Amino acid sequence: MKIATWNVNGVRARLDFIKLWLESRQPDLVGFQELKVADEDFPFDEFRALGFDVEIHAQKGWNGVAILSRQPIAVETRGLPGEEDLGARLITARVGDLSFTTVYVPNGKDTDHDDFPAKLTWLASLANHWQASRSADEAAVLCGDFNVVPQPIDSWRGSAGDGRVFHTPEERAGFTVLTGLGLFDLFREQHPDDPSFSWWDYRGGAFHRGHGLRIDFLLGTASVRDRVREVWIDRDFRKKQDGLTASDHAPVIAELD
DNA sequence: ATGTCGGAATTATTCCGA
């Protein structure tokens, strides 16, 4: 089966582009972030018409996460417990034999902004919630936009980026707590030395200049990691398609046995 | 050039967040 994560940057503005991607890549199970739509305005029928079950946790204007699946979705949790004030950023469901969670981690804005410590707290809450609700021996995926650059190789700035927002020791430590709970970064497991990115700023021609970051991850427990056949970042879908504007994030896809 | 997007608030223009 093919699983994926993708920050779509507005599900309504991106709808035709997303459909092109679904038709082209034929994923089985997908986490979307940044829906930017109220629950009642989400285009459920558009995805159902393509053969997907779909469940969301959303809010008007920004944030919002969704799960699309060819198999039925049984939602377990909407919202990160205790962190609801920071917006609609987590949804967990059971899909077949898999526990599937997708998250949109707060951006943090800058290291001296009030949102920055809130981001660190949110990450710590996510780790606590994961530890309390999952076991390391189950088949579980935690995917999404983490807004953290785990290592210098994941930034176009390399180690020169260390200390900037997304690249701080505190954010990296928050991410390391998650991987310490038995979650493996599936792309990095498969490609230890690949300096690929998943996000490029719309501004300043960042994509064409190679100014990107790898901040979107498919994390999986050991049993998921052992099923991985291939993982890739779908860079082509960061480009315009049929005149349609892309998200500023590329999808990340894994093929599982 | 902090140079682009998407959405909200408000009525085509400005703001906010990313």
Side-chain angles (χ1 to χ4, degrees), chain A residues 5-21 31-44 46-47 56-66 80 83-90 102-123 126 143-150 154-157 160-161 163-168 171 174-175 197-217 233-252:
Chain A
T5 182
W6 190 13
N7 179 323
V8 297
N9 187 23
V11 72
R12 288 172 295 177
R14 204 70 58 221
L15 190 56
D16 290 339
F17 193 98
I18 293 171
K19 285 183 184 175
L20 278 178
W21 180 76
F32 285 151
Q33 305 87 41
E34 275 209 86
L35 304 179
K36 294 187 173 182
V37 66
D39 288 76
E40 60 269 26
D41 295 326
F42 184 88
F44 287 100
E46 301 272 0
F47 295 112
I56 69 170
H57 179 47
Q59 66 184 104
K60 185 177 179 179
W62 57 87
N63 303 325
V65 286
L80 178 57
E83 297 287 347
E84 291 86 353
D85 288 354
L86 273 83
R89 297 177 177 276
L90 176 146
T102 194
V103 295
Y104 177 41
V105 176
N107 179 287
K109 293 195 179 73
D110 211 339
T111 54
D112 59 359
H113 194 283
D114 288 347
D115 286 11
F116 186 74
K119 172 184 190 175
L120 298 178
T121 301
W122 198 96
L123 275 170
L126 175 61
C143 68
D145 175 0
F146 287 77
N147 278 322
V148 176
V149 173
D154 300 308
S155 173
W156 70 274
R157 297 177 184 274
R164 303 175 81 103
V165 73
F166 293 24
H167 308 62
T168 65
E171 291 161 291
F175 185 75
F197 308 130
S198 64
W199 172 84
W200 296 260
D201 201 306
Y202 281 125
R203 294 167 292 186
F207 182 74
H208 295 287
R209 294 164 65 163
H211 291 183
L213 304 174
R214 194 175 71 94
I215 54 177
D216 301 271
F217 310 114
I233 298 172
D234 200 354
R235 194 175 180 282
D236 279 352
F237 275 84
R238 176 59 180 78
K239 303 172 186 170
K240 239 180 227 294
Q241 302 284 334
D242 292 357
L244 300 167
T245 302
S247 170
D248 47 354
H249 295 252
V252 184

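These figures come from a predicted structure and were not determined experimentally. In what follows, chains are A, B, ... by sequence order, proteins preceding strands, each numbered from 1.
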**Q** Ring pair (Phe, Tyr, Trp, His ring centres under 6.0 Å) with A:H211: which residues, sequence neighbours excluded?
**A** A:W156
**Q** On DNA chain B, compare the nucleotides closest to A:H249 and A:R12; which residue's is nearer the 5' end?
**A** A:R12
**Q** For the atom pair CZ (A:R214) and CD1 (A:I233), what is the distance rounded to the nearest 0.5 Å?
**A** 6.0 Å
**Q** With sequence neighbours excluded, tell me which residues meet ring pair (Phe, Tyr, Trp, His ring centres under 6.0 Å) with A:F44.
**A** A:F42
**Q** Pick base, sugar-phosphate or nothing for A:G204, based on heavy-atom distances below 4.0 Å to the nucleic acid.
**A** base
**Q** Of the residues in residues 102-115 of chain A, which ones touch DNA chain B at a heavy-atom distance under 4.0 Å?
**A** A:Y104, A:N107, A:K109
**Q** Looking only at atom C1', what distance separates B:dG3 and B:dA8, rounded to whole Å?
**A** 23 Å
**Q** Who passes ring pair (Phe, Tyr, Trp, His ring centres under 6.0 Å) against A:W200, sequence neighbours left out?
**A** A:F207
**Q** If you assign A:G10 and A:E34 each to the DNA chain B nucleotide with the nearest heavy atom, which residue ends up on the more 5' nucleotide?
**A** A:G10
**Q** First and last nucleotide of DNA chain B in contact with chain A, 5' to 3', at under 4.0 Å to a heavy atom: what are they?
**A** B:dG3 to B:dA18
**Q** Name every donor-acceptor pair, under 3.5 Å, that has one atom in a side chain of residues 241-251 of chain A and the other anywhere in the protein, sequence neighbours excluded.
**A**
from, atom 1, to, atom 2, distance (Å)
A:Q241, NE2, A:D236, O, 2.8
A:T245, OG1, A:K240, NZ, 3.4
A:S247, OG, A:N7, O, 2.6
A:S247, OG, A:H249, N, 3.0
A:D248, OD2, A:W199, NE1, 3.2
A:H249, ND1, A:D216, OD1, 3.1
A:H249, ND1, A:D216, OD2, 2.9
A:H249, NE2, A:N7, ND2, 3.4

**Q** Between A:F217 and A:F146, how do the two ring planes meet: parallel, tilted or perpendicular, split at 30° and 60°?
**A** tilted
**Q** Can you label the angle between the A:W21 ring and the A:W6 ring as parallel, tilted or perpendicular, going by 30° and 60°?
**A** tilted
**Q** If I take atom NE2 from residue A:H57 and atom CG from residue A:L35, how far apart are they, to the nearest 0.5 angstrom?
**A** 10.5 Å
